[in-house]
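One structure below.
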Number of protein chains: 2
Amino acid sequence: MNAPHNDILPVSADVVVFTMREDCLSVLLVPEGKRVGHRWRLPGGLIRDRERLDRAAERNLQRDTGLSGVFLEQLYTFGAPDRVSEQRVITVAYYALVSALNPTATKQMSIGAARLFPVNSLPVMMLDHDAIVGCAHRRLAAKLEYSTIALQFMPNRFPLSGLQRVYEAILGTALDKRNFRKRILALDCLEETPDFARNGRHRPARLYRIKTPGRVEIFK
Amino acid sequence: MNAPHNDILPVSADVVVFTMREDCLSVLLVPEGKRVGHRWRLPGGLIRDRERLDRAAERNLQRDTGLSGVFLEQLYTFGAPDRVSEQRVITVAYYALVSALNPTATKQMSIGAARLFPVNSLPVMMLDHDAIVGCAHRRLAAKLEYSTIALQFMPNRFPLSGLQRVYEAILGTALDKRNFRKRILALDCLEETPDFARNGRHRPARLYRIKTPGRVEIFK
DNA sequence: CAAGTTAGTGTGCAAGCGACACTATGTCAA
DNA sequence: TTGACATAGTGTCGCTTGCACACTAACTTG
(Lines give C-alpha, C1' and ligand atoms only; values in the text may rest on other atoms or scores of the structure.)
Protein backbone atom coordinates (compact mmCIF):
# COMPACT_ATOMS: atom_id res chain seq x y z
CA MET A 1 0.00 0.00 0.00
CA ASN A 2 1.77 3.08 -1.23
CA ALA A 3 -1.01 5.63 -0.91
CA PRO A 4 -0.53 7.77 2.18
CA HIS A 5 -2.75 7.05 5.10
CA ASN A 6 -4.76 10.02 6.23
CA ASP A 7 -2.77 12.25 8.62
CA ILE A 8 0.36 10.24 8.01
CA LEU A 9 2.86 11.99 5.81
CA PRO A 10 6.24 11.52 4.26
CA VAL A 11 8.81 13.68 6.03
CA SER A 12 12.21 14.37 4.56
CA ALA A 13 15.36 15.75 6.14
CA ASP A 14 17.25 17.84 3.60
CA VAL A 15 20.58 19.55 4.10
CA VAL A 16 21.99 22.81 2.77
CA VAL A 17 25.72 22.09 2.72
CA PHE A 18 27.74 25.27 2.68
CA THR A 19 31.41 25.38 1.92
CA MET A 20 33.87 27.95 0.71
CA ARG A 21 35.23 27.48 -2.79
CA GLU A 22 37.55 30.06 -4.27
CA ASP A 23 36.47 32.63 -1.69
CA CYS A 24 32.86 32.09 -2.70
CA LEU A 25 30.15 30.68 -0.48
CA SER A 26 28.89 27.58 -2.27
CA VAL A 27 26.16 24.99 -1.85
CA LEU A 28 26.41 21.29 -2.57
CA LEU A 29 23.59 19.98 -4.76
CA VAL A 30 22.75 16.66 -6.34
CA PRO A 31 20.98 16.06 -9.66
CA GLU A 32 17.29 15.35 -9.39
CA GLY A 33 17.37 12.82 -12.21
CA LYS A 34 19.69 11.47 -14.84
CA ARG A 35 18.24 13.07 -17.94
CA VAL A 36 19.77 16.13 -19.49
CA GLY A 37 18.01 19.29 -18.45
CA HIS A 38 17.31 17.85 -15.04
CA ARG A 39 16.92 20.05 -12.04
CA TRP A 40 19.04 19.98 -8.93
CA ARG A 41 18.00 19.31 -5.39
CA LEU A 42 19.34 19.43 -1.85
CA PRO A 43 20.85 16.21 -0.56
CA GLY A 44 18.36 14.53 1.73
CA GLY A 45 15.59 12.00 1.90
CA LEU A 46 12.81 10.49 3.92
CA ILE A 47 12.99 10.04 7.65
CA ARG A 48 12.54 6.47 8.79
CA ASP A 49 10.30 5.29 11.53
CA ARG A 50 12.11 5.47 14.89
CA GLU A 51 14.97 7.51 13.43
CA ARG A 52 16.14 10.74 15.01
CA LEU A 53 15.69 13.76 12.79
CA ASP A 54 19.34 14.78 12.82
CA ARG A 55 20.40 11.18 12.23
CA ALA A 56 18.14 11.06 9.19
CA ALA A 57 19.75 14.23 7.88
CA GLU A 58 23.23 12.77 8.38
CA ARG A 59 22.31 9.45 6.83
CA ASN A 60 20.73 10.93 3.73
CA LEU A 61 23.56 13.41 3.37
CA GLN A 62 26.07 10.61 3.44
CA ARG A 63 24.06 8.56 0.97
CA ASP A 64 23.70 11.41 -1.49
CA THR A 65 27.14 12.97 -1.23
CA GLY A 66 29.42 10.76 0.87
CA LEU A 67 29.82 13.52 3.46
CA SER A 68 29.76 12.64 7.14
CA GLY A 69 30.77 14.10 10.46
CA VAL A 70 30.03 17.67 9.49
CA PHE A 71 28.62 20.52 11.56
CA LEU A 72 24.83 20.25 11.32
CA GLU A 73 22.00 22.39 12.71
CA GLN A 74 18.28 22.42 12.17
CA LEU A 75 17.09 25.35 10.09
CA TYR A 76 13.32 25.38 9.63
CA THR A 77 10.52 23.09 8.60
CA PHE A 78 8.88 23.66 5.25
CA GLY A 79 5.59 22.14 4.38
CA ALA A 80 3.27 24.17 2.21
CA PRO A 81 1.29 21.60 0.25
CA ASP A 82 1.29 23.75 -2.87
CA ARG A 83 5.02 23.30 -3.04
CA VAL A 84 4.52 19.91 -4.58
CA SER A 85 3.29 18.42 -7.75
CA GLU A 86 2.01 15.01 -6.77
CA GLN A 87 2.89 13.88 -3.29
CA ARG A 88 3.04 16.33 -0.44
CA VAL A 89 6.27 16.15 1.52
CA ILE A 90 7.19 17.94 4.69
CA THR A 91 10.83 18.95 4.79
CA VAL A 92 12.80 19.45 7.98
CA ALA A 93 15.68 21.49 6.62
CA TYR A 94 19.17 21.43 8.11
CA TYR A 95 22.28 23.31 7.19
CA ALA A 96 25.83 22.01 7.34
CA LEU A 97 29.17 23.77 7.24
CA VAL A 98 32.20 22.10 5.71
CA SER A 99 35.75 23.29 5.96
CA ALA A 100 37.04 24.20 2.53
CA LEU A 101 40.39 22.58 2.96
CA ASN A 102 39.17 19.47 4.70
CA PRO A 103 40.68 16.82 2.40
CA THR A 104 38.39 14.06 3.64
CA ALA A 105 35.30 16.10 2.99
CA THR A 106 36.58 17.34 -0.34
CA LYS A 107 37.29 13.81 -1.44
CA GLN A 108 33.89 12.65 -0.25
CA MET A 109 32.15 15.48 -2.04
CA SER A 110 33.84 14.73 -5.32
CA ILE A 111 32.84 11.07 -5.41
CA GLY A 112 29.23 11.13 -6.48
CA ALA A 113 27.21 13.23 -8.85
CA ALA A 114 27.05 16.08 -6.34
CA ARG A 115 28.33 19.46 -7.43
CA LEU A 116 29.15 22.74 -5.77
CA PHE A 117 27.38 25.87 -6.94
CA PRO A 118 28.19 29.41 -5.84
CA VAL A 119 25.32 30.67 -3.73
CA ASN A 120 24.93 33.62 -6.07
CA SER A 121 24.46 31.55 -9.20
CA LEU A 122 22.38 28.57 -8.28
CA PRO A 123 20.83 26.34 -10.91
CA VAL A 124 17.11 25.65 -11.25
CA MET A 125 16.13 23.58 -8.25
CA MET A 126 13.41 21.17 -7.26
CA LEU A 127 10.33 22.40 -5.42
CA ASP A 128 11.12 25.19 -2.99
CA HIS A 129 14.72 24.22 -2.48
CA ASP A 130 15.84 27.66 -3.62
CA ALA A 131 13.84 29.23 -0.81
CA ILE A 132 15.42 26.81 1.65
CA VAL A 133 18.90 27.81 0.51
CA GLY A 134 17.99 31.47 0.85
CA CYS A 135 16.67 30.89 4.35
CA ALA A 136 19.85 29.04 5.32
CA HIS A 137 22.04 31.79 3.90
CA ARG A 138 20.20 34.43 5.90
CA ARG A 139 20.46 32.37 9.06
CA LEU A 140 24.16 31.85 8.53
CA ALA A 141 24.77 35.54 7.94
CA ALA A 142 22.82 36.41 11.08
CA LYS A 143 24.82 33.94 13.15
CA LEU A 144 28.09 35.57 12.15
CA GLU A 145 27.11 38.50 14.32
CA TYR A 146 26.68 36.65 17.58
CA SER A 147 28.57 33.37 17.36
CA THR A 148 31.81 31.79 16.25
CA ILE A 149 30.02 29.69 13.64
CA ALA A 150 32.28 30.89 10.82
CA LEU A 151 35.19 28.97 12.35
CA GLN A 152 33.50 25.80 11.11
CA PHE A 153 34.66 26.77 7.63
CA MET A 154 38.30 26.97 8.62
CA PRO A 155 41.02 24.32 8.44
CA ASN A 156 43.25 23.47 11.41
CA ARG A 157 45.51 26.46 10.97
CA PHE A 158 44.72 29.55 8.99
CA PRO A 159 45.60 33.23 8.67
CA LEU A 160 43.22 35.91 9.87
CA SER A 161 42.82 37.19 6.34
CA GLY A 162 41.38 33.81 5.38
CA LEU A 163 38.76 34.09 8.07
CA GLN A 164 37.99 37.61 6.94
CA ARG A 165 37.38 36.39 3.40
CA VAL A 166 34.90 33.88 4.80
CA TYR A 167 33.00 36.63 6.60
CA GLU A 168 33.02 38.79 3.49
CA ALA A 169 31.80 35.97 1.25
CA ILE A 170 28.88 35.20 3.57
CA LEU A 171 27.89 38.79 4.21
CA GLY A 172 28.53 39.94 0.67
CA THR A 173 30.31 43.07 1.88
CA ALA A 174 33.89 44.15 2.42
CA LEU A 175 35.10 44.52 5.99
CA ASP A 176 37.77 46.77 7.44
CA LYS A 177 40.88 44.75 8.14
CA ARG A 178 41.86 46.38 11.41
CA ASN A 179 38.41 46.37 12.92
CA PHE A 180 37.91 42.78 11.88
CA ARG A 181 41.13 41.60 13.51
CA LYS A 182 40.41 43.52 16.69
CA ARG A 183 36.92 42.06 16.93
CA ILE A 184 37.94 38.46 16.26
CA LEU A 185 40.92 38.49 18.60
CA ALA A 186 38.76 40.07 21.33
CA LEU A 187 36.57 36.96 21.21
CA ASP A 188 39.50 35.04 22.63
CA CYS A 189 38.64 31.98 20.59
CA LEU A 190 41.86 31.82 18.56
CA GLU A 191 45.49 31.41 19.51
CA GLU A 192 48.65 32.07 17.58
CA THR A 193 50.71 29.22 16.28
CA PRO A 194 54.46 29.73 15.78
CA ASP A 195 54.02 29.21 12.06
CA PHE A 196 53.41 31.37 9.05
CA ALA A 197 51.85 30.84 5.67
CA ARG A 198 54.45 31.45 3.01
CA ASN A 199 52.72 31.67 -0.32
CA GLY A 200 52.83 34.35 -2.91
CA ARG A 201 55.36 37.11 -3.25
CA HIS A 202 54.47 38.93 -0.10
CA ARG A 203 54.92 38.94 3.64
CA PRO A 204 53.95 35.63 5.29
CA ALA A 205 50.84 35.58 7.44
CA ARG A 206 50.72 34.36 11.01
CA LEU A 207 48.71 31.16 11.33
CA TYR A 208 46.09 30.83 14.04
CA ARG A 209 44.34 27.84 15.49
CA ILE A 210 40.94 27.49 17.15
CA LYS A 211 41.14 27.12 20.91
CA THR A 212 38.15 24.81 21.18
CA PRO A 213 37.59 23.22 17.78
CA GLY A 214 34.19 21.78 17.10
CA ARG A 215 32.59 24.14 19.57
CA VAL A 216 30.44 27.06 18.44
CA GLU A 217 30.26 29.81 21.06
CA ILE A 218 27.21 32.03 21.33
CA PHE A 219 27.68 35.50 22.75
CA LYS A 220 24.79 37.88 23.25
CA MET B 1 -4.71 -0.11 8.28
CA ASN B 2 -3.50 1.89 11.24
CA ALA B 3 0.11 0.73 11.44
CA PRO B 4 2.40 3.33 9.96
CA HIS B 5 3.68 2.70 6.51
CA ASN B 6 7.42 2.67 6.26
CA ASP B 7 8.86 6.20 5.90
CA ILE B 8 5.45 7.73 6.40
CA LEU B 9 4.96 9.31 9.78
CA PRO B 10 2.38 11.15 11.81
CA VAL B 11 3.34 14.81 12.14
CA SER B 12 1.75 17.10 14.67
CA ALA B 13 1.71 20.87 14.94
CA ASP B 14 1.71 21.90 18.61
CA VAL B 15 1.54 25.40 19.99
CA VAL B 16 3.07 27.01 23.06
CA VAL B 17 0.57 29.77 23.84
CA PHE B 18 2.11 32.45 26.01
CA THR B 19 0.11 35.09 27.75
CA MET B 20 0.59 37.36 30.73
CA ARG B 21 -1.53 36.63 33.78
CA GLU B 22 -1.04 38.65 36.94
CA ASP B 23 2.34 39.87 35.73
CA CYS B 24 3.45 36.30 35.24
CA LEU B 25 4.34 34.68 31.93
CA SER B 26 1.95 31.77 31.54
CA VAL B 27 1.35 28.91 29.15
CA LEU B 28 -1.97 27.50 28.02
CA LEU B 29 -2.22 23.72 28.39
CA VAL B 30 -4.98 21.17 27.86
CA PRO B 31 -5.51 17.95 29.78
CA GLU B 32 -4.16 14.84 28.14
CA GLY B 33 -7.05 12.69 29.29
CA LYS B 34 -10.10 12.86 31.48
CA ARG B 35 -8.97 10.74 34.39
CA VAL B 36 -7.72 12.23 37.60
CA GLY B 37 -3.96 12.37 37.74
CA HIS B 38 -3.79 12.99 34.02
CA ARG B 39 -0.92 14.85 32.50
CA TRP B 40 -1.14 18.04 30.52
CA ARG B 41 -0.12 18.69 26.96
CA LEU B 42 0.34 21.50 24.48
CA PRO B 43 -2.66 22.27 22.31
CA GLY B 44 -2.08 20.79 18.87
CA GLY B 45 -2.68 17.80 16.71
CA LEU B 46 -1.91 15.98 13.52
CA ILE B 47 -1.27 17.75 10.27
CA ARG B 48 -3.59 16.75 7.49
CA ASP B 49 -2.61 15.84 4.00
CA ARG B 50 -2.41 18.98 1.85
CA GLU B 51 -2.62 21.29 4.85
CA ARG B 52 -0.13 24.09 5.44
CA LEU B 53 1.89 23.66 8.60
CA ASP B 54 0.88 26.97 10.11
CA ARG B 55 -2.74 26.36 9.19
CA ALA B 56 -2.60 23.03 10.98
CA ALA B 57 -1.23 24.77 14.06
CA GLU B 58 -4.03 27.33 13.94
CA ARG B 59 -6.72 24.73 13.36
CA ASN B 60 -5.61 22.48 16.18
CA LEU B 61 -5.14 25.42 18.50
CA GLN B 62 -8.67 26.55 17.82
CA ARG B 63 -10.05 23.06 18.29
CA ASP B 64 -8.28 22.54 21.60
CA THR B 65 -8.68 25.97 23.13
CA GLY B 66 -11.00 28.09 21.01
CA LEU B 67 -8.22 30.56 20.30
CA SER B 68 -7.82 32.00 16.83
CA GLY B 69 -6.18 34.93 15.08
CA VAL B 70 -3.20 35.06 17.38
CA PHE B 71 0.43 35.84 16.64
CA LEU B 72 2.07 32.56 15.60
CA GLU B 73 5.63 31.65 14.67
CA GLN B 74 7.39 28.38 14.04
CA LEU B 75 9.78 27.40 16.82
CA TYR B 76 11.57 24.11 16.12
CA THR B 77 10.83 20.59 15.04
CA PHE B 78 11.16 17.83 17.61
CA GLY B 79 11.36 14.22 16.64
CA ALA B 80 13.56 11.99 18.73
CA PRO B 81 11.90 8.59 18.55
CA ASP B 82 12.67 7.84 22.18
CA ARG B 83 10.39 10.65 23.21
CA VAL B 84 7.44 8.37 22.64
CA SER B 85 5.81 5.43 24.20
CA GLU B 86 4.06 3.63 21.39
CA GLN B 87 3.75 5.60 18.19
CA ARG B 88 6.51 7.90 17.08
CA VAL B 89 5.30 11.42 16.32
CA ILE B 90 7.23 14.28 14.83
CA THR B 91 6.20 17.64 16.30
CA VAL B 92 6.54 20.91 14.47
CA ALA B 93 6.34 23.29 17.42
CA TYR B 94 4.94 26.83 17.18
CA TYR B 95 4.64 29.53 19.74
CA ALA B 96 1.82 32.03 20.02
CA LEU B 97 1.52 35.29 21.94
CA VAL B 98 -1.82 36.46 23.27
CA SER B 99 -2.60 39.86 24.67
CA ALA B 100 -3.51 39.56 28.33
CA LEU B 101 -6.41 41.94 28.14
CA ASN B 102 -7.79 40.71 24.86
CA PRO B 103 -11.37 39.98 25.91
CA THR B 104 -12.08 37.79 22.90
CA ALA B 105 -9.06 35.66 23.53
CA THR B 106 -9.67 35.50 27.24
CA LYS B 107 -13.21 34.37 26.64
CA GLN B 108 -12.08 31.80 24.11
CA MET B 109 -9.44 30.49 26.44
CA SER B 110 -11.87 30.02 29.29
CA ILE B 111 -14.34 27.94 27.30
CA GLY B 112 -12.76 24.50 27.20
CA ALA B 113 -10.74 22.45 29.59
CA ALA B 114 -7.61 24.45 28.82
CA ARG B 115 -5.86 26.10 31.73
CA LEU B 116 -3.12 28.66 32.18
CA PHE B 117 -0.02 27.72 34.14
CA PRO B 118 2.75 30.09 35.18
CA VAL B 119 5.84 29.21 33.21
CA ASN B 120 7.73 28.75 36.45
CA SER B 121 5.38 26.16 37.91
CA LEU B 122 4.30 23.93 35.08
CA PRO B 123 2.52 20.65 35.73
CA VAL B 124 3.74 17.26 34.60
CA MET B 125 3.45 17.21 30.85
CA MET B 126 3.18 14.68 28.08
CA LEU B 127 6.29 13.48 26.26
CA ASP B 128 8.87 16.22 25.83
CA HIS B 129 6.38 19.06 25.98
CA ASP B 130 8.25 20.58 28.92
CA ALA B 131 11.37 20.84 26.76
CA ILE B 132 9.32 22.49 24.02
CA VAL B 133 8.02 25.10 26.45
CA GLY B 134 11.56 25.74 27.67
CA CYS B 135 12.79 26.17 24.13
CA ALA B 136 9.95 28.59 23.36
CA HIS B 137 10.65 30.59 26.50
CA ARG B 138 14.32 30.97 25.59
CA ARG B 139 13.45 31.99 22.05
CA LEU B 140 10.98 34.57 23.33
CA ALA B 141 13.50 36.02 25.79
CA ALA B 142 16.12 36.23 23.04
CA LYS B 143 13.71 38.03 20.71
CA LEU B 144 13.07 40.75 23.28
CA GLU B 145 16.58 41.99 22.61
CA TYR B 146 16.24 42.59 18.91
CA SER B 147 12.57 42.91 18.06
CA THR B 148 9.32 44.46 19.16
CA ILE B 149 7.76 41.07 19.78
CA ALA B 150 6.75 41.93 23.34
CA LEU B 151 4.17 44.37 22.01
CA GLN B 152 2.10 41.35 21.00
CA PHE B 153 1.27 40.93 24.67
CA MET B 154 -0.11 44.43 25.04
CA PRO B 155 -3.70 45.65 24.69
CA ASN B 156 -4.67 48.60 22.49
CA ARG B 157 -3.51 51.19 24.94
CA PHE B 158 -1.21 50.65 27.85
CA PRO B 159 1.22 52.45 30.16
CA LEU B 160 4.95 51.98 29.75
CA SER B 161 5.15 50.42 33.18
CA GLY B 162 2.88 47.63 31.92
CA LEU B 163 5.24 46.91 29.05
CA GLN B 164 8.14 46.93 31.46
CA ARG B 165 6.44 44.32 33.63
CA VAL B 166 6.07 42.14 30.52
CA TYR B 167 9.79 42.38 29.82
CA GLU B 168 10.62 41.63 33.44
CA ALA B 169 8.31 38.63 33.57
CA ILE B 170 9.83 37.12 30.43
CA LEU B 171 13.44 37.83 31.35
CA GLY B 172 13.03 37.04 35.01
CA THR B 173 14.99 40.12 36.04
CA ALA B 174 14.20 43.64 37.17
CA LEU B 175 14.93 46.48 34.74
CA ASP B 176 15.80 50.09 35.40
CA LYS B 177 12.78 52.26 34.76
CA ARG B 178 14.55 55.21 33.13
CA ASN B 179 16.74 53.11 30.88
CA PHE B 180 13.79 51.00 29.85
CA ARG B 181 11.70 53.99 28.87
CA LYS B 182 14.54 55.59 26.98
CA ARG B 183 15.20 52.40 25.06
CA ILE B 184 11.57 51.68 24.18
CA LEU B 185 10.76 55.22 23.13
CA ALA B 186 13.93 55.34 21.01
CA LEU B 187 12.53 52.45 18.96
CA ASP B 188 9.90 54.86 17.70
CA CYS B 189 7.25 52.16 17.67
CA LEU B 190 4.90 53.74 20.22
CA GLU B 191 2.98 56.98 20.30
CA GLU B 192 1.34 58.83 23.14
CA THR B 193 -2.41 58.93 23.43
CA PRO B 194 -4.04 61.86 25.19
CA ASP B 195 -5.33 59.53 27.88
CA PHE B 196 -4.18 58.31 31.24
CA ALA B 197 -4.79 55.20 33.29
CA ARG B 198 -6.42 56.22 36.55
CA ASN B 199 -6.29 53.25 38.87
CA GLY B 200 -5.01 53.02 42.37
CA ARG B 201 -4.17 55.82 44.72
CA HIS B 202 -1.34 57.28 42.76
CA ARG B 203 -0.43 59.47 39.82
CA PRO B 204 -2.13 58.36 36.56
CA ALA B 205 0.07 56.87 33.85
CA ARG B 206 0.20 58.09 30.27
CA LEU B 207 -1.27 55.55 27.87
CA TYR B 208 0.61 54.65 24.70
CA ARG B 209 -0.47 52.90 21.55
CA ILE B 210 1.45 50.84 19.01
CA LYS B 211 2.17 52.71 15.79
CA THR B 212 1.91 49.64 13.56
CA PRO B 213 -0.10 47.02 15.43
CA GLY B 214 0.28 43.45 14.31
CA ARG B 215 3.72 44.14 12.94
CA VAL B 216 6.84 42.84 14.67
CA GLU B 217 9.91 44.87 13.80
CA ILE B 218 13.36 43.28 13.76
CA PHE B 219 16.33 45.49 14.42
CA LYS B 220 19.84 44.19 14.32
C1' DC C 1 67.57 45.82 -6.01
C1' DA C 2 63.18 47.52 -7.52
C1' DA C 3 58.38 46.39 -8.02
C1' DG C 4 54.65 44.05 -6.48
C1' DT C 5 51.68 42.01 -3.05
C1' DT C 6 49.70 40.94 1.18
C1' DA C 7 50.44 41.30 6.50
C1' DG C 8 50.10 43.91 10.34
C1' DT C 9 49.32 47.88 13.42
C1' DG C 10 46.58 52.48 16.64
C1' DT C 11 43.78 56.50 17.32
C1' DG C 12 39.99 59.45 17.72
C1' DC C 13 35.16 60.28 17.52
C1' DA C 14 30.31 59.20 18.14
C1' DA C 15 26.76 56.44 19.81
C1' DG C 16 24.84 53.45 23.03
C1' DC C 17 24.37 51.40 27.66
C1' DG C 18 24.10 51.08 32.45
C1' DA C 19 24.17 53.12 37.06
C1' DC C 20 21.93 56.27 39.73
C1' DA C 21 17.73 59.74 43.04
C1' DC C 22 14.50 62.87 43.20
C1' DT C 23 10.03 65.34 42.12
C1' DA C 24 4.99 64.93 40.44
C1' DT C 25 0.32 63.65 40.92
C1' DG C 26 -3.16 61.10 42.05
C1' DT C 27 -6.16 58.40 46.04
C1' DC C 28 -7.63 57.54 50.48
C1' DA C 29 -8.16 57.80 55.33
C1' DA C 30 -8.01 60.31 59.49
C1' DT D 1 -7.84 69.58 54.61
C1' DT D 2 -4.13 67.46 55.07
C1' DG D 3 -0.84 63.86 55.51
C1' DA D 4 0.45 59.21 54.10
C1' DC D 5 1.04 56.33 50.41
C1' DA D 6 1.84 54.56 45.84
C1' DT D 7 3.20 54.74 41.28
C1' DA D 8 4.60 58.05 37.25
C1' DG D 9 8.01 60.49 35.23
C1' DT D 10 12.52 62.69 34.33
C1' DG D 11 18.53 63.65 33.09
C1' DT D 12 23.47 63.08 33.64
C1' DC D 13 27.81 61.05 33.56
C1' DG D 14 31.22 57.62 32.65
C1' DC D 15 32.37 53.64 30.15
C1' DT D 16 32.38 50.70 26.44
C1' DT D 17 31.73 49.74 21.70
C1' DG D 18 31.71 50.37 16.86
C1' DC D 19 33.52 52.62 12.98
C1' DA D 20 36.36 55.39 9.99
C1' DC D 21 40.82 55.84 8.50
C1' DA D 22 46.70 55.28 6.35
C1' DC D 23 50.99 53.78 6.74
C1' DT D 24 54.99 50.50 7.48
C1' DA D 25 56.72 45.46 7.28
C1' DA D 26 58.22 41.47 4.97
C1' DC D 27 58.42 38.36 1.54
C1' DT D 28 58.91 36.90 -3.79
C1' DT D 29 60.10 37.52 -8.27
C1' DG D 30 62.22 39.45 -12.35
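Atom set for the values below is all heavy atoms of this structure, side chains included, hydrogens, waters and symmetry mates excluded. Residue numbers start from 1 in every chain, and the chains themselves are labelled A, B, ... in the order their sequence lines are given, proteins ahead of strands.
Between Asn199(A) and Pro204(B), the residue anchored nearer the 5' end of DNA chain D, judged by the nucleotide with its closest heavy atom, is Pro204(B). Sequence order on DNA chain C of the closest nucleotides to Arg201(A) and Pro159(A) puts Arg201(A) first from the 5' end. Both Arg183(B) and His202(B) lie close to DNA chain C; mapped to their nearest nucleotides by heavy-atom distance, the more 5′-ward contact belongs to Arg183(B).
Screening residues 158-170 of chain A for salt bridge (charged side-chain N to carboxylate O under 4.0 Å, His left out) gives Asp23(A)-Arg165(A) as the qualifying pairs, with residues at least two apart or on separate chains. Residue pairs that meet the ring-ring contact (aromatic ring centres under 6.0 Å, His included) test with at least one member in residues 175-207 of chain B, sequence neighbours left out, are Tyr167(B)-Phe180(B).
The distance from atom CZ of Arg165(B) to atom P of dT7(D) is 9 Å, rounded to the nearest whole Å. To the nearest angstrom, P of dG18(D) lies 14 Å from CG of Leu175(A). Protein atom CZ of Phe196(A) is 10 Å distant from nucleotide atom P of dA26(D), rounded to whole Å.
Salt bridge Asp64(A)/Arg41(A): present, at least one basic N to carboxylate O contact under 4.0 Å.
To the nearest 0.5 angstrom, Thr77(B) atom OG1 is 8.0 Å from Leu53(B) atom CG. In this structure, CD1 on Ile90(A) lies 8.0 Å from CD1 on Ile90(B), to the nearest 0.5 angstrom. A distance of 13.0 Å separates SG of Cys189(B) from CZ of Arg209(B), quoted to the nearest 0.5 Å. To the nearest 0.5 Å, atom CD1 of residue Ile149(B) and atom CD of residue Glu73(B) are 5.0 Å apart.
The nucleotide range of DNA chain C contacted by chain B, defined by atoms under 4.0 angstrom from heavy atoms of the protein and reported 5' to 3', is dG18(C) to dC28(C).
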Show me the donor-acceptor pairs within less than 3.5 Å that the side chains of residues 210-219 of chain A make with the rest of the protein, sequence neighbours left out.
from	atom 1	to	atom 2	distance (Å)
Lys211(A)	NZ	Asp188(A)	OD1	2.7
Arg215(A)	NE	Glu217(A)	OE2	3.1

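No donor-acceptor distance shorter than 3.5 angstrom exists from the side chain of Ser161(A) to the backbone of Pro159(A), with no hydrogens or angles considered. Under the 3.5 Å distance criterion, the side-chain polar atoms of Ser12(A) are left unmatched by any main-chain donor or acceptor of Asp14(A).
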Symbol by symbol from the 5' end, with Watson-Crick or G-U pairs under 3.5 Å, [ ] crossing and | another strand, DNA chain D is ||||||||||||||||||||||||||||||
Grab the N/O contacts between the protein and nucleotides 10-12 of chain D below 3.5 Å, and write none if there aren't any.
from	atom 1	to	atom 2	distance (Å)
dT12(D)	O4	Lys182(B)	NZ	2.9

Give the C-alpha distance, both sets of side-chain angles, the deciding distance and a yes or no for side chain to side chain contact (heavy atoms under 4.5 Å, CB included) between Val17(A) and Val27(A). CA-CA 5 Å; Val17(A) 179; Val27(A) 179; 5.8 Å; no
